[in-house]
Amino acid sequence: MPWIVLLLAAGSLAIPAPSIMLVPPHPSSQEDPIHILCMAPRGFPGANFTLYQGGEVVELLKAPKDQLRVIFNLSGGSREARGGPFCCQYSVLGENRQPQLSNLSEPVHISFPVPTWILALSLSLAGAALLLAGLVTIALIIRKVKVKNLQKRRERESCWVNIATTDMSFDNSLFTIMKMTSEEDAANLDAPSGSTETPGPRKRPTSTSSSPEPPEFSTFRAC
């Protein structure tokens, strides 16, 4: 790489590295220009500065005789403006008119802020996702409540059916008992009048089996 060759050529004649930084206006997109300041230490005015990107020379500038710094202006949209990192180096004439090269500066990285429309789109998508999640949650809760209410209504209907069946059974049993009693009374009234039995107090015929007691029913049931 060119800057490695320069360092090797400098050898023991290397001098302190310069400082490097971005200066305003800072780029907001790859189409904006980039301004990079490179400054030598005190005692090295009028130096020749070289800007590197990825080991390749980008631009050469010479500082005024009474100045320690230069500003590299990279046009927007150029290949250099799209990447990084950048570093710089300076050289001066030393004793016996021998060139002296400095060490390389620290690298500076170029970062571009996220465009506003991308940020707005990201926020919109995040909001839509949250809204969708909320709607799904509400729908699940409503469905759960409906299923629970339907189950309760079915339980109540089942209780009413059981009560109605019990009432009907009780009415049928009562009707059967009343019918049997009525038939017995009719049979007693239709008995023949020319019977040879001795007049006297008439006894009600007894039966070997007593009339069945009407069963007790309850129309209430715990559900």
Side-chain angles (χ1 to χ4, degrees), residues 21-22 24-34 54 76-77 79 81-86 107-223:
M21 68 184 70
L22 290 175
H26 298 294
S28 58
S29 69
Q30 293 183 354
E31 301 302 322
D32 295 336
I34 300 175
R79 180 179 64 86
R82 297 175 186 173
F86 294 93
V108 62
H109 297 268
I110 308 298
S111 60
F112 301 99
V114 178
T116 306
W117 67 271
I118 294 181
L119 182 60
L121 180 61
S122 301
L123 293 176
S124 300
L125 292 177
L130 291 176
L131 179 61
L132 181 60
L135 292 177
V136 170
T137 303
I138 293 174
L140 292 177
I141 293 175
I142 293 175
R143 178 178 176 83
K144 186 176 181 181
V145 171
K146 286 184 177 181
V147 170
K148 189 174 182 180
N149 291 337
L150 181 60
Q151 184 178 2
K152 288 183 178 180
R153 187 173 67 182
R154 288 179 178 176
E155 290 177 356
R156 288 196 298 267
E157 291 177 355
S158 177
C159 291
W160 283 113
V161 169
N162 291 335
I163 293 174
T165 304
T166 303
D167 291 343
M168 187 177 294
S169 300
F170 176 77
D171 293 340
N172 291 337
S173 301
L174 184 61
F175 175 76
T176 302
I177 294 171
M178 292 176 66
K179 184 176 180 181
M180 292 173 61
T181 304
S182 299
E183 289 177 354
E184 289 179 0
D185 292 342
N188 292 333
L189 291 175
D190 293 339
S193 59
S195 176
T196 58
E197 292 180 359
T198 306
R202 187 175 180 178
K203 295 183 180 179
R204 188 183 183 94
T206 60
S207 175
T208 57
S209 61
S210 59
S211 299
E213 295 293 334
E216 294 182 359
F217 295 94
S218 175
T219 60
F220 299 96
R221 178 180 177 181
C223 296

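From a predicted model like this one, the values you see are computed outputs, not experimental measurements.
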I need the Arg156 CZ to Arg154 CZ distance, nearest 0.5 Å. 12.5 Å
Residue pair Ile34 / Pro27: nearest heavy atoms and the distance that separates them: CG1-CG, 4.1 Å
Can you give each donor-acceptor pair under 3.5 Å made by side-chain atoms of residues 140-152, sequence neighbours left out, with the distance rounded to 0.1 Å?
{"from": "Asn149", "atom 1": "ND2", "to": "Val145", "atom 2": "O", "distance (Å)": "3.3"}

